[in-house]
Number of protein chains: 2
Amino acid sequence: MRHVLLYGLVGGLLIAGLKLVEYRWLMVEHSVEIYGALVAAVFAAFGIWLGLRMTRRTQTVIVREVAVAAPVDFVRDQGRVEALGITPRELEILELIASGMSNREIAQRECVSENTVKTHSSRLFGKLAARRRTEAVQKARQFRLIP
Amino acid sequence: MRHVLLYGLVGGLLIAGLKLVEYRWLMVEHSVEIYGALVAAVFAAFGIWLGLRMTRRTQTVIVREVAVAAPVDFVRDQGRVEALGITPRELEILELIASGMSNREIAQRECVSENTVKTHSSRLFGKLAARRRTEAVQKARQFRLIP
DNA sequence: GGTGAAATCATCCTTTTGCATGACGCCTTC
DNA sequence: GAAGGCGTCATGCAAAAGGATGATTTCACC
């Protein structure tokens, strides 16, 4: 880390500086205790500063999930789809049923016979354990198969 | 702060300890530089530790609002209800239909005859301009009459 | 005390839906 | 090439749903 190198450098300079101070400038007889205390104080301050510096940017980002009134973009529970063994075609029919169309209308829209639609919806009901289309729609919505 | 007092105390003890070490135990002629480096290292470490300790709780809590599937508390569009002239009873029947029940089941649940349920739903379909219960449910949901 | 909305029930009839069952063609997979 | 999933279509029957119409009761409101 850059700080450590910087720390070492500054430390060395400080020591040298203190030595100079003792030998060249003050020329006073300081006791070793005072000398040590000086060094200690300087380095302690520097350490605290370094510690603060190192931890200053330690911002703990707490992602709090807040219930925001969001137009929940629908995502299909694909796992459930596969778990129930619902085929893509059945899913289409399911959506059309949920939109309120009759079997006949669905048949015309999808260009298949009404019997085919009946077959699909029957299988769908079986897989959803529903006995009516309204129940199928309700359960499908619960299972997040349709919006 | 408690930490500062503790720091001073430990600092004094350390200095005293180092003095003892120098005078009583090792009795070796250490250069002032080494002695200073020792003290510096100890106090620097202590300072860093103290700095870390002091700033540990300085967590900047950033609350990031995340759009989460908010079960938007449903509020019925009472205006629409009145505009369509839908009666409370019809609204009840509508909810039961939307929950996937058959006319017979609704009749039993509400302790009325199946014919009554049929009448209610028929009127409901008329007011909602729906020809099937699934369509009625879809439109009612669009109109925010039901969740 | 009459009026009207709301809820209840009925009857007849049609349409829709649901269930069971079988079959065929097209793919992919083994 | 056999097996199985998927989509397609059919037939027959039973149940459910829906439409039209009329009737009765209750209750609030004028």
Side-chain angles (χ1 to χ4, degrees), chain A residues 76-143 145-146, chain B residues 76-143 145-146:
Chain A
R76 171 164 295 138
D77 187 344
Q78 199 60 35
R80 187 90 62 165
V81 171
E82 285 158 16
L84 293 174
I86 296 177
T87 72
R89 192 57 166 154
E90 285 163 356
L91 222 42
E92 290 180 44
I93 304 296
L94 173 60
E95 282 173 350
L96 296 177
I97 287 177
S99 78
M101 298 173 76
S102 73
N103 287 341
R104 184 162 303 164
E105 288 168 345
I106 296 175
Q108 288 178 346
R109 188 185 196 279
E110 294 294 302
C111 298
V112 295
S113 86
E114 195 179 330
N115 289 311
T116 302
V117 178
K118 280 188 172 187
T119 308
H120 284 315
S121 48
S122 261
R123 295 215 182 105
L124 205 44
F125 297 161
K127 291 170 182 177
L128 286 173
R131 286 176 308 171
R132 278 167 289 284
R133 31 180 64 213
T134 47
E135 194 180 357
V137 169
Q138 190 264 350
K139 288 198 173 185
R141 198 180 305 276
Q142 253 187 354
F143 290 159
L145 306 183
I146 53 178
Chain B
R76 169 163 296 139
D77 188 343
Q78 197 61 34
R80 188 90 61 164
V81 171
E82 285 157 17
L84 294 174
I86 297 177
T87 72
R89 193 57 165 157
E90 285 164 357
L91 222 41
E92 289 181 47
I93 304 296
L94 174 60
E95 282 173 349
L96 296 177
I97 287 178
S99 78
M101 297 173 75
S102 73
N103 288 340
R104 185 162 303 166
E105 287 169 343
I106 296 174
Q108 287 178 346
R109 189 186 196 278
E110 295 294 302
C111 297
V112 295
S113 85
E114 194 178 331
N115 289 311
T116 302
V117 178
K118 280 187 173 187
T119 308
H120 284 313
S121 49
S122 262
R123 286 207 250 264
L124 204 43
F125 298 160
K127 292 170 183 177
L128 285 173
R131 285 174 307 171
R132 279 166 288 284
R133 32 180 62 214
T134 47
E135 194 180 357
V137 169
Q138 191 265 348
K139 288 197 172 185
R141 198 180 303 278
Q142 254 187 355
F143 290 158
L145 306 182
I146 53 179

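Below, chain A is the first sequence line, B the second, and so on; all start at residue 1.
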Do you know the tightest heavy-atom contact between B:Asp77 and B:Phe143?
-> CB-O, 3.5 Å
N/O contacts under 3.5 Å, protein versus nucleotides 16-19 of chain D?
residue, atom, partner, partner atom, Å
D:dA16, OP2, B:Arg104, NH1, 2.8
D:dA16, OP2, B:Arg104, NH2, 3.3
D:dA17, OP2, B:Asn103, N, 2.9
D:dG18, OP1, B:Arg133, N, 2.6
D:dG18, OP2, B:Arg133, NE, 3.0
D:dG18, N7, B:Lys118, NZ, 3.4
D:dG18, O6, B:Lys118, NZ, 2.9

In whole angstroms, how far is the P atom of D:dT8 from the CG atom of A:Leu124?
-> 14 Å
Can you tell me how far the CD1 atom of B:Ile93 sits from the CZ atom of B:Arg133, to the nearest 0.5 Å?
-> 10.0 Å
Could you check if a side-chain atom of A:Val112 sits within less than 4.5 angstrom of a side-chain atom of A:Arg89, using non-hydrogen atoms only?
-> yes
Do nucleotides 24-30 of chain D as a string where each nucleotide becomes B, S or -: B if the base has a protein heavy atom under 4.0 Å, S if just the sugar-phosphate does, - if no protein is that close.
-> -------
Sequence neighbours excluded, the answer for side-chain contact (heavy atoms from CB on, under 4.5 Å) partners of B:Glu82 is B:Gln78
Rounded to whole angstroms, how far apart are CZ on A:Arg123 and P on D:dC9?
-> 13 Å
Least distance between heavy atoms, A:Ala136 atom then A:Leu94 atom | O-CD1, 4.4 Å
Strand contacts (DNA chain C) in residues 87-96 of chain B, 4.0 angstrom heavy-atom criterion | B:Thr87, B:Pro88, B:Arg89
Applied to residues 120-130 of chain B, the salt bridge (charged side-chain N to carboxylate O under 4.0 Å, His left out) test, sequence neighbours excluded, yields B:Glu90-B:Lys127
Where is the tightest heavy-atom contact between A:Ala98 and A:Ile146, given as atom of each residue plus distance?
-> CB-CD1, 3.7 Å
B:Ser122 side chain to B:Thr119 main-chain N or O, any donor-acceptor pair under 3.5 Å?
-> no
Can you tell me how far C1' of D:dG5 sits from CD of A:Glu82, to the nearest Å?
-> 15 Å
Are any of the side-chain heavy atoms of B:Val117 and B:Ile97 separated by less than 4.5 Å?
-> no
What are the bounds, 5' to 3', of the part of DNA chain C that sits under 4.0 Å from heavy atoms of chain B?
-> C:dA6 to C:dT17
Under a 4.0 Å N-O cut-off, is there an ion pair linking A:Glu92 with A:Arg109?
-> no
Which part of the nucleic acid, if any, lies within reach of B:Thr116 when heavy atoms closer than 4.0 Å are counted: base, sugar-phosphate only, or nothing?
-> base
Would you say the side chain of A:Phe125 lies within less than 4.5 Å of the side chain of A:Arg132, judging by non-hydrogen atoms?
-> no
Side-chain donor or acceptor of A:Glu110 paired with backbone N/O of A:Ile106 under 3.5 Å | no
Looking only at heavy atoms, what is the nearest atom pair of A:Gly100 and B:Thr134, with distance?
-> CA-OG1, 3.5 Å
